[in-house]
Asks: 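Okay, here's the structure, questions in a sec.
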Protein chains: 2
Amino acid sequence: MINELEKIKDSVLLQDIKVEELSSMLGCLRGVIKHYKKGEEVLSEGAEIKKFGLLTEGKLQIVQYDYLGNKSILSIIEPKQIFAEAYAYVNKLPSMNVEALVDSTVLFLDSDKLSSPCQNCCSFHKQLVKNLLFIISNKNVNLTEKIECMAKRTTKEKLLTFLSLESIKQNSKEIYIQYDRQGLADYLGVERSAMSAELSKLKNEGILEYNKNWFKLLQK
Amino acid sequence: MINELEKIKDSVLLQDIKVEELSSMLGCLRGVIKHYKKGEEVLSEGAEIKKFGLLTEGKLQIVQYDYLGNKSILSIIEPKQIFAEAYAYVNKLPSMNVEALVDSTVLFLDSDKLSSPCQNCCSFHKQLVKNLLFIISNKNVNLTEKIECMAKRTTKEKLLTFLSLESIKQNSKEIYIQYDRQGLADYLGVERSAMSAELSKLKNEGILEYNKNWFKLLQK
DNA sequence: TATAATCCGTTGTTTTTCCAACATACTTTT
DNA sequence: AAAAGTATGTTGGAAAAACAACGGATTATA
């Protein structure tokens, strides 16, 4: 257990919580460690969620099946990230599955205990709640930004919306993006090749310069 | 002040908090009441947010301007709803404005105070945090669902994804939707008339029946 | 009840995207 | 350095969406 804590002590969820407090926290939040083999199911669609997960080791993917049975990958969970927290707090049955991409270890924490500090109002509770609110709010802002991009009608507008948002975040007209072309196309909800063609057009029109992950927005 | 509390005492944020505790809560969370005339700006883009709002009376709209200056309405805030909470917790400058659609009254609450209970660990803090986590998590789930719809490539698929999700939520093949056609088109990010045409097709193909706000998914 | 305003479906045209197939450049492996 | 694999850009035809314009139905208003 101590070993697991070592791996996640500098996660966002546990930010600014003293190492000494971590093990008492585990008891308070009914921490449970579980191991999964590659390919195993960590959480399944429709199963009630009372605890949320903090990945200590490995890699998970959150997948969803639509009304036709088509599979789509919602996100990849890396170590130190939490998952399923939204469903733990809305008391709604999840519509997605979580699968282990490689052998993985997850620390499950009781969502109820986290938001209802114990009698003695342990000092770390305050910080935990703050961190959790930050994480969920942040996801919220990110989802809203994605929607802002996707809501545009043309690929060109989607691209420019995405790039201007990045430009603001990186505080520069020159930006580096985290996605490859396929990843960016998936993020924007468009076809990769069509997007590439659109990028070329923007370059020809003198609106944009780019090379691999580097982009530069030219002023009009 | 007492008068304002009366109007919001059964809001989701204040759910399961005793009326007697409300006024002490106000002090603890540095509650501030502000009035706005129709058309006035409640929050403006780029202004640091330390408090989030709870609308006690009136109607607000959250608007955003894209890189071309086009205005889009992100959401309408009705009484008892909170707003700007995500930005209050991520310490990020908001990229949207909040405007009063009619004369409105807002109760601002200190986001820091809410997540950091005072020494005596007032009982209502626990419940407030729980309620806030519920609200934000819920928004999260809703945004994810919207993205699930918008990510589909065709209007037909967007419609069917939306309707299946509603069908699950309403636990029936017969559903009532909250949007009019223009509202649904905006939600899905498509053109109203094209969407109408697509609905007609689905009806002809025997996949769907509908009339105004009533829809029925027919089994294949 | 007449009138205006709004909502919704239809149609035809233009624009954009999707899709498949392929070419080129870059990376990794052997 | 050759070979294989991967990522990106290009093209052309088919499909879909956007757009504009209009007509009928419903609702709100005078």
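First the proteins, then the strands, lettered A, B, ... as listed; each starts at 1. The analysis underlying the following values was restricted to heavy atoms, covering all of them including side chains, and did not include hydrogens, waters or symmetry mates.
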Asks: Taking the six-membered ring for Trp, is the centroid-to-centroid distance between A:Phe83 and A:Phe52 below 6.0 Å?
Replies: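 No, they do not, as the ring centres are separated by 6.0 Å or more.
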Asks: For C:dT27, does OP1 or OP2 lie under 4.0 Å from any side-chain N or O of A:Lys212?
Replies: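 Result: yes.
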Asks: Nearest to the A:Glu191 side chain among C:dT17, C:dC19, D:dG9, which nucleotide is it?
Replies: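 Nearest to the side-chain atoms of A:Glu191, counting from C-beta on, is C:dC19.
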Asks: Out of C:dC18, C:dT11, C:dT17, which nucleotide sits closest to the side chain of A:Val190?
Replies: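 Comparing C:dC18, C:dT11, C:dT17 against the side chain of A:Val190, the answer is C:dC18.
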Asks: For B:Lys203 and C:dG9, give me the distance from atom NZ to atom C1', rounded to whole Å.
Replies: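 Between C1' of C:dG9 and NZ of B:Lys203: 10 Å.
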Asks: Nearest whole angstrom, please: distance from the P of C:dC8 to the CH2 of B:Trp214.
Replies: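 Going from B:Trp214 (CH2) to C:dC8 (P), I get 16 Å.
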Asks: Grab the CG-P distance between A:Asn213 and D:dA7 for me, whole Å please.
Replies: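 One finds 12 Å between P of D:dA7 and CG of A:Asn213, rounded.
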Asks: Nearest to the side chain of A:Arg153, which nucleotide is it out of C:dC18, D:dA17, D:dC19?
Replies: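 The answer is D:dC19, which lies nearest to the side chain.
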Asks: For B:Asn204 and C:dG9, give me the distance from atom CG to atom C1', rounded to whole Å.
Replies: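 Distance, rounded to whole Å: 12 Å.
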Asks: Whole angstrom is fine here: how far is it from NZ in A:Lys201 over to P in D:dT10?
Replies: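 Rounded to the whole Å, the gap is 12 Å.
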Asks: Given 3.5 Å as the limit, does a donor-acceptor pair link the side chain of B:Ser164 with the main chain of B:Leu160, or not?
Replies: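 Yes.
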Asks: Quick check on C:dT16: is either OP1 or OP2 less than 4.0 Å from any side-chain nitrogen or oxygen of A:Thr154?
Replies: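 Negative; the distance criterion is not met.
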Asks: What integer distance in Å separates A:Asp180:CG from D:dT6:C1'?
Replies: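 Distance, rounded to whole Å: 10 Å.
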Asks: Between B:Glu99 and B:Lys59, is there a salt bridge with N-O shorter than 4.0 Å?
Replies: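 No, B:Lys59 and B:Glu99 are not salt-bridged.
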Asks: Is A:Arg181 close enough to D:dG9 that one of its side-chain N or O atoms is under 4.0 Å from OP1 or OP2 there?
Replies: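 The answer is yes; a side-chain N or O of A:Arg181 sits under 4.0 Å from OP1 or OP2.
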Asks: Do the side chains of B:Asp66 and A:Lys152 get close enough for a salt bridge, i.e. N-O under 4.0 angstrom?
Replies: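 Looking at A:Lys152 together with B:Asp66, the answer is yes, because their closest N to O distance falls below 4.0 Å.
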Asks: What does A:Tyr179 touch in the nucleic acid at a heavy-atom separation under 4.0 angstrom: a base, only the sugar-phosphate, or nothing?
Replies: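 No contact.
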Asks: On DNA chain C, nearest-nucleotide positions of B:Leu199 versus A:Thr155: which is more 5'?
Replies: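 Residue closer to the 5' terminus by nearest nucleotide: B:Leu199.
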Asks: Do the side-chain N or O atoms of B:Ser200 get closer than 4.0 angstrom to the phosphate oxygens (OP1, OP2) of C:dG9?
Replies: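 False: B:Ser200 side-chain N/O out of range (4.0 Å or more) of C:dG9 OP1/OP2.
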Asks: Please state how far atom CE in B:Met195 lies from atom C1' in D:dA18, giving the value in whole angstrom units.
Replies: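 Computing the B:Met195:CE to D:dA18:C1' distance gives 14 Å.
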Asks: Whole angstrom is fine here: how far is it from NZ in A:Lys158 over to C1' in C:dC18?
Replies: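 Checked: the NZ to C1' distance equals 12 Å.
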Asks: How is B:Ser196 classified with respect to the nucleic acid when contacts are heavy atoms under 4.0 Å: base, sugar-phosphate, or nothing?
Replies: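 It contacts base atoms.
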Asks: Name the nucleic acid region contacted by B:Arg192, choosing base, sugar-phosphate or nothing; use a 4.0 angstrom heavy-atom cut-off, strictly under.
Replies: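 Base, at least one base heavy atom under 4.0 Å.
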Asks: Between B:Asn131 and B:Leu14, which heavy-atom pair has the shortest distance, and what is it?
Replies: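 Taking B:Asn131 first and B:Leu14 second, the nearest heavy atoms are ND2-C, 3.8 Å.
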Asks: What's the closest nucleotide to the side chain of B:Tyr210 if the choices are D:dG9, C:dG9, C:dT10?
Replies: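 Looking only at heavy atoms from C-beta outward on B:Tyr210, the closest nucleotide is C:dG9.
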